[in-house]
Amino acid sequence: MFIDSHCHIDFPELAERADELMANMASNQVSHALCVSVNLPDWPNVIALAERYPHIYASVGVHPDYEDEVEPTVAQLVELAQHPKVIAIGETGLDYYRLQGDLEWQRERFRVHIRAARHTGKPLIIHTRSAADDTLRLMAEEKAGDAGGVLHCFTESQAVADAAIAMNFYISFSGIVTFKKAEELKEVAKTIPLERMLIETDSPYLAPMPFRGKQNQPAYVKHVAEHIADLRGISVEEVARATTANFARLFKLEGQL
(Lines give C-alpha, C1' and ligand atoms only; values in the text may rest on other atoms or scores of the structure.)
Protein backbone atom coordinates (compact mmCIF):
# COMPACT_ATOMS: atom_id res chain seq x y z
CA MET A 1 0.00 0.00 0.00
CA PHE A 2 1.05 3.58 -0.67
CA ILE A 3 0.41 6.76 1.34
CA ASP A 4 0.08 10.23 -0.16
CA SER A 5 1.89 12.31 2.46
CA HIS A 6 0.82 15.70 1.03
CA CYS A 7 -2.27 16.68 -0.95
CA HIS A 8 -4.84 19.46 -1.09
CA ILE A 9 -8.05 17.56 -1.74
CA ASP A 10 -9.97 20.29 0.08
CA PHE A 11 -9.39 22.61 -2.90
CA PRO A 12 -12.75 23.05 -4.69
CA GLU A 13 -11.74 21.30 -7.91
CA LEU A 14 -10.97 18.14 -5.96
CA ALA A 15 -13.41 18.41 -3.05
CA GLU A 16 -16.37 18.23 -5.41
CA ARG A 17 -15.03 14.82 -6.56
CA ALA A 18 -14.17 13.49 -3.11
CA ASP A 19 -15.95 10.14 -3.34
CA GLU A 20 -14.44 9.50 -6.77
CA LEU A 21 -10.96 10.33 -5.46
CA MET A 22 -11.40 7.89 -2.58
CA ALA A 23 -12.45 5.12 -4.97
CA ASN A 24 -9.44 5.84 -7.20
CA MET A 25 -7.15 5.67 -4.17
CA ALA A 26 -8.52 2.26 -3.25
CA SER A 27 -8.10 0.88 -6.77
CA ASN A 28 -4.47 2.07 -6.84
CA GLN A 29 -3.52 0.68 -3.42
CA VAL A 30 -3.28 4.15 -1.81
CA SER A 31 -4.43 3.50 1.72
CA HIS A 32 -4.17 6.95 3.36
CA ALA A 33 -3.56 10.60 2.56
CA LEU A 34 -2.65 13.74 4.48
CA CYS A 35 -4.73 16.77 3.47
CA VAL A 36 -2.55 19.81 4.12
CA SER A 37 -3.77 23.19 5.30
CA VAL A 38 -2.67 26.37 3.48
CA ASN A 39 -4.66 29.00 5.42
CA LEU A 40 -6.89 29.21 8.46
CA PRO A 41 -10.12 30.51 6.83
CA ASP A 42 -10.27 27.32 4.74
CA TRP A 43 -9.06 24.99 7.51
CA PRO A 44 -12.64 23.88 8.33
CA ASN A 45 -12.80 22.31 4.85
CA VAL A 46 -9.59 20.39 5.53
CA ILE A 47 -10.75 19.03 8.86
CA ALA A 48 -14.21 18.21 7.47
CA LEU A 49 -12.65 15.82 4.96
CA ALA A 50 -10.58 14.20 7.70
CA GLU A 51 -13.69 13.76 9.80
CA ARG A 52 -15.68 12.36 6.87
CA TYR A 53 -13.13 9.77 5.76
CA PRO A 54 -11.30 7.60 8.33
CA HIS A 55 -8.21 7.23 6.12
CA ILE A 56 -7.69 10.98 5.58
CA TYR A 57 -5.60 13.01 8.02
CA ALA A 58 -5.18 16.79 8.35
CA SER A 59 -2.63 19.45 9.22
CA VAL A 60 -3.06 23.05 10.37
CA GLY A 61 -1.01 26.00 9.16
CA VAL A 62 -0.59 28.96 6.82
CA HIS A 63 1.43 28.65 3.60
CA PRO A 64 4.20 31.23 3.02
CA ASP A 65 2.63 32.32 -0.28
CA TYR A 66 -0.53 33.60 1.46
CA GLU A 67 0.65 37.16 1.98
CA ASP A 68 -2.53 38.91 3.08
CA GLU A 69 -3.56 36.53 5.84
CA VAL A 70 -4.06 37.47 9.48
CA GLU A 71 -0.91 36.05 11.04
CA PRO A 72 -1.51 32.91 13.10
CA THR A 73 -0.29 32.83 16.69
CA VAL A 74 1.42 29.95 18.41
CA ALA A 75 -1.57 29.63 20.74
CA GLN A 76 -4.02 29.50 17.83
CA LEU A 77 -2.09 26.78 16.01
CA VAL A 78 -1.64 24.78 19.21
CA GLU A 79 -5.37 24.93 19.93
CA LEU A 80 -6.42 23.79 16.45
CA ALA A 81 -3.81 21.05 16.49
CA GLN A 82 -5.60 19.39 19.42
CA HIS A 83 -8.13 17.89 16.99
CA PRO A 84 -7.46 14.13 16.93
CA LYS A 85 -7.19 14.01 13.13
CA VAL A 86 -4.56 16.78 12.99
CA ILE A 87 -1.17 15.08 12.78
CA ALA A 88 1.09 17.94 11.64
CA ILE A 89 1.77 21.69 11.69
CA GLY A 90 1.96 23.40 8.30
CA GLU A 91 2.39 23.79 5.53
CA THR A 92 4.88 26.45 6.51
CA GLY A 93 8.29 27.65 5.38
CA LEU A 94 9.78 30.21 3.02
CA ASP A 95 9.19 31.04 -0.64
CA TYR A 96 11.42 33.65 -2.25
CA TYR A 97 10.38 32.61 -5.75
CA ARG A 98 6.79 33.83 -5.87
CA LEU A 99 7.22 36.81 -3.57
CA GLN A 100 9.99 39.40 -3.39
CA GLY A 101 10.76 42.43 -1.25
CA ASP A 102 10.90 42.53 2.53
CA LEU A 103 9.87 39.01 3.54
CA GLU A 104 10.59 39.27 7.23
CA TRP A 105 6.88 38.57 7.84
CA GLN A 106 7.37 35.23 6.10
CA ARG A 107 10.32 34.35 8.31
CA GLU A 108 8.41 35.33 11.44
CA ARG A 109 5.42 33.23 10.36
CA PHE A 110 7.77 30.28 9.88
CA ARG A 111 9.17 30.77 13.39
CA VAL A 112 5.64 30.77 14.82
CA HIS A 113 4.89 27.44 13.17
CA ILE A 114 8.12 25.88 14.41
CA ARG A 115 7.32 26.99 17.95
CA ALA A 116 3.80 25.55 17.68
CA ALA A 117 5.21 22.24 16.45
CA ARG A 118 7.66 22.06 19.33
CA HIS A 119 4.86 22.87 21.80
CA THR A 120 2.48 20.23 20.42
CA GLY A 121 5.10 17.60 19.61
CA LYS A 122 3.59 17.34 16.11
CA PRO A 123 5.94 17.42 13.10
CA LEU A 124 6.34 20.26 10.63
CA ILE A 125 5.48 20.23 6.94
CA ILE A 126 7.97 22.61 5.34
CA HIS A 127 7.75 24.32 1.95
CA THR A 128 10.97 25.91 0.68
CA ARG A 129 11.55 27.47 -2.71
CA SER A 130 14.54 29.64 -3.64
CA ALA A 131 15.11 30.01 0.10
CA ALA A 132 17.06 26.94 1.20
CA ASP A 133 19.76 28.77 3.18
CA ASP A 134 17.28 30.79 5.25
CA THR A 135 15.02 27.77 5.66
CA LEU A 136 17.82 25.70 7.15
CA ARG A 137 19.04 28.63 9.25
CA LEU A 138 15.63 29.23 10.85
CA MET A 139 15.15 25.49 11.37
CA ALA A 140 18.41 25.44 13.31
CA GLU A 141 17.77 28.64 15.25
CA GLU A 142 14.30 27.55 16.35
CA LYS A 143 15.35 23.95 17.05
CA ALA A 144 12.90 22.52 14.51
CA GLY A 145 14.59 19.16 14.90
CA ASP A 146 12.94 18.81 18.32
CA ALA A 147 9.62 18.43 16.49
CA GLY A 148 10.95 16.83 13.32
CA GLY A 149 9.05 16.93 10.08
CA VAL A 150 9.37 16.80 6.33
CA LEU A 151 10.65 18.98 3.51
CA HIS A 152 7.77 18.42 1.15
CA CYS A 153 7.80 18.47 -2.66
CA PHE A 154 11.58 18.43 -2.48
CA THR A 155 13.44 20.12 -5.36
CA GLU A 156 16.67 21.16 -3.64
CA SER A 157 20.24 19.82 -3.73
CA GLN A 158 21.81 16.79 -2.09
CA ALA A 159 23.48 19.14 0.41
CA VAL A 160 20.11 20.57 1.49
CA ALA A 161 18.65 17.08 1.82
CA ASP A 162 21.60 15.97 3.93
CA ALA A 163 21.32 19.04 6.19
CA ALA A 164 17.60 18.49 6.71
CA ILE A 165 18.05 14.80 7.46
CA ALA A 166 20.74 15.71 10.00
CA MET A 167 18.08 17.87 11.72
CA ASN A 168 15.67 14.93 12.08
CA PHE A 169 13.68 15.64 8.92
CA TYR A 170 12.34 13.47 6.12
CA ILE A 171 12.46 14.24 2.38
CA SER A 172 9.29 13.90 0.32
CA PHE A 173 9.28 13.46 -3.44
CA SER A 174 6.41 14.54 -5.68
CA GLY A 175 5.65 13.97 -9.35
CA ILE A 176 8.50 16.34 -10.21
CA VAL A 177 10.95 13.46 -9.72
CA THR A 178 9.35 11.71 -12.72
CA PHE A 179 9.97 14.67 -15.05
CA LYS A 180 12.65 14.09 -17.68
CA LYS A 181 14.66 17.24 -16.91
CA ALA A 182 14.74 16.73 -13.13
CA GLU A 183 18.18 15.09 -13.33
CA GLU A 184 19.66 16.48 -10.09
CA LEU A 185 16.53 15.59 -8.17
CA LYS A 186 16.63 12.03 -9.50
CA GLU A 187 20.14 11.71 -8.09
CA VAL A 188 18.94 12.83 -4.66
CA ALA A 189 16.11 10.27 -4.84
CA LYS A 190 18.70 7.58 -5.59
CA THR A 191 20.98 8.38 -2.70
CA ILE A 192 19.12 9.54 0.39
CA PRO A 193 18.43 6.84 2.99
CA LEU A 194 15.22 4.99 2.19
CA GLU A 195 14.23 5.26 5.85
CA ARG A 196 14.08 9.07 5.45
CA MET A 197 11.88 9.17 2.35
CA LEU A 198 8.20 10.01 1.83
CA ILE A 199 6.14 10.22 -1.36
CA GLU A 200 3.37 12.68 -2.21
CA THR A 201 1.27 14.17 -4.98
CA ASP A 202 0.75 17.81 -3.87
CA SER A 203 -2.61 17.40 -5.63
CA PRO A 204 -4.11 19.07 -7.58
CA TYR A 205 -0.68 20.15 -8.84
CA LEU A 206 2.38 18.44 -10.34
CA ALA A 207 0.86 15.27 -11.72
CA PRO A 208 3.57 12.66 -12.37
CA MET A 209 4.31 11.12 -15.71
CA PRO A 210 2.33 9.88 -17.60
CA PHE A 211 -0.30 12.38 -16.37
CA ARG A 212 1.86 15.51 -16.48
CA GLY A 213 -0.20 18.60 -17.26
CA LYS A 214 -3.42 17.04 -15.99
CA GLN A 215 -5.12 17.50 -12.64
CA ASN A 216 -3.32 15.49 -10.01
CA GLN A 217 -4.94 13.27 -7.36
CA PRO A 218 -3.77 11.02 -4.49
CA ALA A 219 -4.16 7.84 -6.56
CA TYR A 220 -1.24 8.98 -8.72
CA VAL A 221 1.28 8.74 -5.86
CA LYS A 222 1.78 5.15 -6.96
CA HIS A 223 3.59 6.45 -10.06
CA VAL A 224 6.01 8.45 -7.92
CA ALA A 225 6.84 5.28 -5.99
CA GLU A 226 7.32 3.28 -9.20
CA HIS A 227 9.72 5.86 -10.61
CA ILE A 228 11.79 5.98 -7.41
CA ALA A 229 11.94 2.18 -7.39
CA ASP A 230 13.29 2.24 -10.95
CA LEU A 231 15.86 4.90 -10.05
CA ARG A 232 17.12 2.93 -7.06
CA GLY A 233 16.95 -0.48 -8.71
CA ILE A 234 14.61 -1.91 -6.07
CA SER A 235 11.05 -3.21 -6.11
CA VAL A 236 8.12 -0.86 -5.85
CA GLU A 237 6.95 -3.01 -2.94
CA GLU A 238 10.10 -2.04 -1.04
CA VAL A 239 9.45 1.65 -1.66
CA ALA A 240 5.84 1.22 -0.55
CA ARG A 241 6.81 -0.59 2.66
CA ALA A 242 9.50 1.93 3.56
CA THR A 243 7.52 5.09 2.84
CA THR A 244 4.45 3.76 4.63
CA ALA A 245 6.54 2.86 7.70
CA ASN A 246 8.22 6.28 7.56
CA PHE A 247 4.87 8.06 7.42
CA ALA A 248 3.62 6.11 10.43
CA ARG A 249 6.81 6.81 12.38
CA LEU A 250 7.01 10.53 11.57
CA PHE A 251 3.34 11.27 12.26
CA LYS A 252 3.13 9.00 15.31
CA LEU A 253 0.63 6.59 13.74
CA GLU A 254 2.48 3.33 14.24
CA GLY A 255 -0.01 0.52 14.81
CA GLN A 256 -2.88 2.64 13.46
CA LEU A 257 -2.44 2.32 9.67
Ring pair (Phe, Tyr, Trp, His ring centres under 6.0 Å) contacts in which one or both residues fall within residues 74-96, not counting sequence neighbours: none
Partner residues of E71 under the salt bridge (Lys or Arg N to Asp or Glu O under 4.0 Å) criterion, sequence neighbours left out: R109
Residue pair C35 / V46: nearest heavy atoms and the distance that separates them: O-CG1, 3.4 Å
H113 and its side-chain contact (heavy atoms from CB on, under 4.5 Å) partner, picked from V62, V74, V60: V62
Verdict with reasoning, S157 to E184, per side-chain hydrogen bond (donor to acceptor under 3.5 Å, both in side chains): CA-CA 7 Å; S157 66; E184 184 180 4; 5.0 Å; no
Check: F2 and N28 side chains under 4.5 Å, non-hydrogen atoms: no
Nearest heavy-atom neighbours spanning G121 and K252: O-NZ, 3.0 Å
Which pairs would a plain distance check flag for residues 218-228, meaning a side-chain donor or acceptor within less than 3.5 Å of a matching protein atom at least two apart in sequence or in another chain?
unit_1, atom_1, unit_2, atom_2, d
K222, NZ, Q29, OE1, 3.1
H227, NE2, V177, O, 3.2
H227, NE2, K186, NZ, 2.8

R107 side chain to T135 backbone, donor-acceptor under 3.5 Å: no
In one Ile/Leu/Val/Met/Phe/Trp/Tyr side-chain cluster, 4.5 Å: L94, F169: yes
Contact check, side chains of L34 and I56, non-hydrogen atoms, under 4.5 Å: no
Beyond-backbone contact of L250 with L198, side-chain heavy atoms, under 4.5 angstrom: yes
Minimum heavy-atom distance between N216 and P208, given as atom pair plus value: OD1-CD, 3.6 Å
Rounded distance (nearest 0.5 Å) linking atom CE of M167 with atom CD1 of I126: 8.0 Å
In one Ile/Leu/Val/Met/Phe/Trp/Tyr side-chain cluster, 4.5 Å: L40, V38: yes
Gap between atom CG of D19 and atom CZ of R17 - 0.5 Å precision: 11.5 Å
K214 side chain to A207 backbone, donor-acceptor under 3.5 Å: no
Stepwise side-chain contact (heavy atoms from CB on, under 4.5 Å) test for H32 and L257: CA-CA 8 Å; H32 297 79; L257 300 179; 3.7 Å; yes
Side-chain heavy-atom pair L14, L21 within 4.5 angstrom cut-off: yes
Side-chain H-bond candidate by donor/acceptor type, H152 with D202, under 3.5 Å: no
pair P64-R98: side-chain heavy atoms closer than 4.5 Å: no
Separation of I171 CD1 from L185 CG (nearest 0.5 Å): 10.0 Å
Sub-4.5 Å side-chain heavy-atom contact between H63 and T92: no
Under 3.5 Å: donor-acceptor pair, side chain of E183, backbone of K180: no
Pair H127, D95: side-chain N/O donor-acceptor within cut-off below 3.5 Å: yes
Nearest non-hydrogen partners of I87 and L253, listed with the distance: CD1-CD1, 4.0 Å
Check ion pair R241-E238 (N to O, under 4.0 angstrom): no
Side chain proximity check, V30 to I3, heavy atoms < 4.5 angstrom: no
Donor-acceptor under 3.5 Å (N168 side chain, A144 main chain): no
Ring centre gap for F11 and H8 strictly below 6.0 Å: yes
Shared hydrophobic cluster for V188 and L206 (ILVMFWY, side-chain gaps under 4.5 Å): yes
Co-membership, hydrophobic cluster, residues F179 and F173, 4.5 Å side-chain: yes
Parallel, tilted or perpendicular: rings of H55 and Y53 (30°, 60°): perpendicular
Single-linkage hydrophobic cluster, 4.5 Å side-chain cutoff, L124 and W43 together: yes
Value rounded to 0.5 Å, distance of OG in S59 from CD1 in I125: 4.0 Å
Gap separating the CG atom of D4 from the OG atom of S174, nearest 0.5 angstrom: 10.0 Å
Partner residues of S5 under the side chain to side chain donor-acceptor pair (under 3.5 Å) criterion, sequence neighbours left out: S172
CG on D10 to CD1 on I47, rounded to 0.5 Å: 10.5 Å
Sidechain-backbone polar pair: S37 side chain, G61 backbone, donor-acceptor under 3.5 Å: yes
Residues which pass salt bridge (Lys or Arg N to Asp or Glu O under 4.0 Å) with E187, listed by chain and number, not counting sequence neighbours: K190
Criterion salt bridge (Lys or Arg N to Asp or Glu O under 4.0 Å) on D162 and R196, from CA distance to verdict: CA-CA 10 Å; D162 291 344; R196 282 284 161 175; over 6 Å; no
From CA spacing to verdict: side-chain contact (heavy atoms from CB on, under 4.5 Å), L99, W105: CA-CA 12 Å; L99 299 172; W105 62 269; 3.7 Å; yes
Modelled atom types, side-chain donor and acceptor of E91 and H6, under 3.5 Å: yes
Nearest heavy-atom neighbours spanning A189 and L231: CB-CD1, 4.1 Å
Flag if over 12 foreign heavy atoms under 6.0 Å of CG, D133: no
Residue pairs fulfilling salt bridge (charged side-chain N to carboxylate O under 4.0 Å, His left out) with at least one residue in residues 137-155, sequence neighbours excluded: R111-E141, R111-E142, R115-E142, R118-D146, D134-R137, R137-E141
K122 side chain vs A147 backbone, donor-acceptor pair below 3.5 Å: no
Between T201 and Q217: side-chain donor-acceptor atoms closer than 3.5 Å: no
Any donor-acceptor N/O pair, T155 side chain to R129 backbone, under 3.5 Å: no
Shortest non-hydrogen contact between S31 and M1, atoms and distance: CB-CE, 3.5 Å
Min side-chain heavy-atom separation I176-F154 under 4.5 Å: no
Neighbour count >12 (heavy atoms, 6.0 Å) for atom CD, Q256: yes
